[in-house]
Amino acid sequence: MSEKLIKPQTLKGFRDFLPSAALARERLIDTAKRVYRSYGYAPIDTPALEYTEILLGKGGDESDKQMFRFEDQGGRDVAMRFDLTVPFARFAAQHAQELGLPFKRYHVGTVWRGERPQKGRFREFVQCDFDTIGTDSAASDAETLLVIHDLLVALGIERFSIRVNHRGVLNGLLESLGVRDKSASVLRALDKLAKAGREAVIKEMVEIAGLTSDAAESILRFCARTGPPGEVLSEVATQLDGVEISRLGIQTLRGLFEAADAAGVPASRLRLDLAIARGLDYYTGTIYETFLDDLPAIGSVCSGGRYDNLAGLFTKLPLPGVGASLGVDRLLAAMEELGLVADGATPATVLMTQFEPNRLRDYIAAAARLRGRGIAVEVFPEAKNVGKQFKYADRKGHRLVIVAGSDEFAARTWQIKTLATGEQTTVADTELVDAVSQLLNPG
RNA sequence: GUGGCAUUAGCUCAGUUGGUUAGAGCGCCGGAUUGUGAUUCCGGAGGUCGCGGGUUCGAGUCCCGUAUGCCACCCCA
C-alpha cells in the first residue's frame with residue numbers, strides 16, 4: 001500500500017467535537033430543553049434544506065450572501081437554513097390549522113452561514129430557539145425575557161446582562177424627526193454606539209445615513225439615556241407623546257420590566273438599551289440581546305425579538321411571533337474560555353474492571369444491576385492489568401472503580417475505589433448497588 | 001467580502017545575521033509494578049517545519065501564491 005493518504009481535515013468554520021466538548025454541548029442543550037419545557041414550549045423539527053425562495057430575502061442582504069445555496073439532484077434551487085426562525089415561520093404557515101394558536105415551540109438545530117470565522121463564530125453552529133406564534137400579546141414578549149433569564153441561570157451563568165429595546169420606540173423617534181425613511185442606515189450606525197463611541201456614530205449618521213448633525217445629535221441624546229428603566233421610559237413617553245407607533249413599544253417595554261420584577265429577576269441583569277437596534281431585518285418590535293459580563297467581546301449568546309410580519313410572507317393568516325435563540329456553540333466557546341466547562345470524556349460514572357477473564361459474566365451481571373438503578377457503568381473490555389484499567393478510568397473521568405478478583409469472589413464481596421480521594425472500601429455483593437449509589441450521591 | 005497577525009511533534013511553544021543529524025515541557029506508548037490511577041524513576045514512539053512555487057552553493061529562517069486559525073471591519077448565535 002503506497003497510495004497517498006488523504007489529509008484528514010474539516011472545512012473552514014466547521015468543527016469536530018471530541019467527547020469532552022460533545023458532552024458539554026449535550027448537557028447544555030439538555031438544560032435548555034428542560035427550561036423551555038417548563039414554560040410549555042413543545043419540540044418540533046424541520047429540514048436542514050429548504051427551497052431557496054423560502055429563505056431568500058428574509059434576513060436581509062447579508063444573510064442572502066452568506067447562504068449555502070446549490071442545485072439539488074433534481075434541479076431544484078435549494079439552500080441550507082441560516083437560522084431556525086425563518087423555517088419556523090414557514091412551518092407555522094404550513095401547519096397553523098393543525099397546531100392551534102397560539103403555538104409555542106422549541107427547536108434545537110444546526111444552522112449554516114458562510115461568513116468569516118472567528119472565536120465563537122463558525123460556519124456551522126447549533127441554535128436552541130424558542131418562539132410563540134399566533135399572538136401579539138405583550139405577555140409573550142415578557143415571557144420571552146423570563147425564559148432567557150431562566151435559561152442562563154440554569155446553565156450556571158451568573159453574570160450576564162439582557163439588553164432590551166423596541167423597534168417601535170426607535171422608529172417613532174425617527175418619525176418625529178422626519179427621517180423614518182433612513183431607518184435602516186441610521187439604526188445600523190446607532191448600534192455601534194457602545195463599540196465605536198459617540199463621535200464615530202454621529203459621523204456615520206451624517207456621512208452615510210445623510211442626517212443633519214442636529215438630527216444625529218438628538219438621536220444620540222435620546223438613546224444614550226441611562227437610569228432606572230421606569231424613569232427613562234417616562235421621559236421617552238413624554239418626548240414621543242404624539243407619536244403613535246412608539247406608544248405600543250413603550251407600553252410593551254414597561255410590561256417587560258414589570259414581569260421581570262414579578263418573577264424575581266434581579267434588576268442588575270436587565271437593561272433598557274435604546275441603542276440596540278440590530279437583529280435580522282424581520283424584527284418589528286421587542287429586541288433582546290444577552291451578553292456575558294465576563295466576556296462581552298464574544299457577542300450576544302442569546303438574541304431574539306418580535307417579528308409580526310415574517311409568516312405573512314407565507315400565509316394570509318395573521319401569525320405574529322416572538323422568541324429568541326440561544327447560540328449553543330458561541331456560549332460553549334465562551335464558557336470554555338472562562339474555564340466553566342468541566343472536562344471528562346465519558347458519561348459513565350463507574351468503571352467495572354475486568355480482572356479474572358473467566359468471571360466476565362459476574363462483572364456483566366453486577367454492571368447490569370447498577371444500570372438498573374440508573375447508574376452509568378462501563379465494563380472494561382479486556383482483562384489487562386488493573387493498573388492500566390485504573391489509568392483508563394482516571395483519564396476518562398470515571399468517579400468510581402470497582403474491582404473483584406479471586407479473593408473477593410471467594411468472599412462474595414467487591415472493592416470500590418473513589419478516584420478523587422483514593423479511598424477504597426469492601427462491600428458485600430448484596431450491598432453493591434446501595435454502596436455505589438451512596439458513594440455517588442452522599443446524603 | 002476588506003485589511004492585519006500567525007502556522008515547527010497529539011497540545012503549548014523555543015529555534016541565533018540563511019549553514020551538518022530541528023529541540024523542550026506536557027501528553028501518548030512500554031517498563032519498574034499480570035491486585036490499584038492521579039505522585040516517583042527508566043525507556044520508547046511521534047516532525048515531508050501547513051501546502052505549492054521562487055531566490056540561493058545551501059531555506060524552518062528570505063520572497064510570492066494558497067489553505068487554515070486568530071484579530072479588526074462588516075454582520076451576527
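On a predicted model such as this, the values are computed, not experimentally measured, just so you know.
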Every protein N/O within reach of nucleotides 68-71 of chain B N/O, cut-off under 3.5 Å:
| from | atom 1 | to | atom 2 | distance (Å) |
| --- | --- | --- | --- | --- |
| B/G69 | OP1 | A/G13 | N | 2.8 |
| B/C71 | OP2 | A/K119 | N | 2.7 |

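- Rounded to whole Å, atom C1' of B/C76 lies 13 Å from atom CZ of A/R188.
- For the C1' atom pair drawn from B/C41 and B/G46, the interatomic distance equals 22 Å after rounding to whole Å.
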For nucleotides 34-38 of chain B, tabulate all protein N/O to nucleotide N/O atom pairs closer than 3.5 Å, reporting atom names and distance.
| from | atom 1 | to | atom 2 | distance (Å) |
| --- | --- | --- | --- | --- |
| B/G35 | O6 | A/D407 | N | 3.3 |
| B/G35 | O6 | A/D407 | OD2 | 3.4 |
| B/G35 | O6 | A/E408 | OE1 | 3.3 |
| B/G35 | N1 | A/E408 | OE1 | 2.7 |
| B/G35 | N1 | A/E408 | OE2 | 3.0 |
| B/G35 | N2 | A/E408 | OE2 | 2.7 |
| B/U36 | O2 | A/K417 | NZ | 3.2 |
| B/U36 | O2 | A/Q424 | OE1 | 3.3 |
| B/U36 | N3 | A/Q424 | OE1 | 3.1 |
| B/U36 | N3 | A/Q424 | NE2 | 3.0 |
| B/U36 | O4 | A/Q424 | NE2 | 2.8 |
| B/G37 | O2' | A/D394 | OD2 | 3.4 |
| B/G37 | N7 | A/K417 | NZ | 3.3 |
| B/G37 | N1 | A/L419 | O | 2.4 |
| B/G37 | N2 | A/D394 | OD1 | 3.2 |
| B/G37 | N2 | A/L419 | O | 2.9 |
| B/A38 | O4' | A/D394 | OD2 | 3.0 |

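- By the 4.0 Å N-to-carboxylate-O rule, A/R15 lies close enough to A/D329 to be salt-bridged with it.
- Map A/E62 and A/A297 each onto its nearest nucleotide of RNA chain B; the residue landing nearer the 5' end is A/A297.
- Of the C1' atoms belonging to B/A67 and B/G52, the separation is 10 Å, rounded to the nearest Å.
- The existence of a salt bridge linking A/E115 and A/K65 is excluded, since no basic side-chain nitrogen approaches an acidic carboxylate oxygen closer than 4.0 Å.
- For B/C74, the OP1/OP2 oxygens have a side-chain nitrogen or oxygen of A/K192 closer than 4.0 Å.
- Salt bridge absent: A/D83 and A/R113 never bring a charged side-chain N and a carboxylate O closer than 4.0 Å.
- Comparing the P positions of B/C29 and B/G37 gives an interatomic distance of 14 Å, to the nearest angstrom.
- Two residues are said to be in side-chain contact when any heavy atoms from C-beta on lie closer than 4.5 Å; A/T353 and A/I402 fail this criterion.
- Spacing of C1' atoms, B/U48 relative to B/A22, comes out at 14 Å, to the nearest Å.
- Nearest heavy-atom pair across A/V35 and A/L151 is CG1-N, 4.0 Å.
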Donor-acceptor contacts, no H, no angles, side chain residues 185-203 of chain A, under 3.5 Å, sequence neighbours left out:
| from | atom 1 | to | atom 2 | distance (Å) |
| --- | --- | --- | --- | --- |
| A/S185 | OG | A/K182 | O | 3.2 |
| A/D191 | OD1 | A/A277 | N | 3.1 |
| A/D191 | OD2 | A/R278 | NE | 3.1 |
| A/K192 | NZ | A/E204 | OE1 | 2.9 |
| A/K192 | NZ | A/E204 | OE2 | 3.1 |
| A/R198 | NH2 | A/E217 | OE1 | 2.8 |

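- Salt-bridge check for A/R25 with A/D30: failed, with every basic side-chain N at 4.0 Å or more from each acidic carboxylate O.
- Rounding to whole angstrom units, CG of residue A/D64 and P of B/C75 are separated by 15 Å.
- Toward the 5' end of RNA chain B, the nearer of the two residues A/C302 and A/Q9, judged by each one's closest nucleotide, is A/Q9.
- The existence of a salt bridge linking A/D141 and A/R306 is confirmed by a sub-4.0 Å separation between a basic side-chain nitrogen and an acidic carboxylate oxygen.
- With hydrogens and angles left out, the side chain of A/E115 and the base of B/A77 share a donor-acceptor pair within 3.5 Å.
- Contact check on A/E158 versus A/R269 returns a salt bridge, with a Lys/Arg side-chain nitrogen under 4.0 Å from an Asp/Glu carboxylate oxygen.
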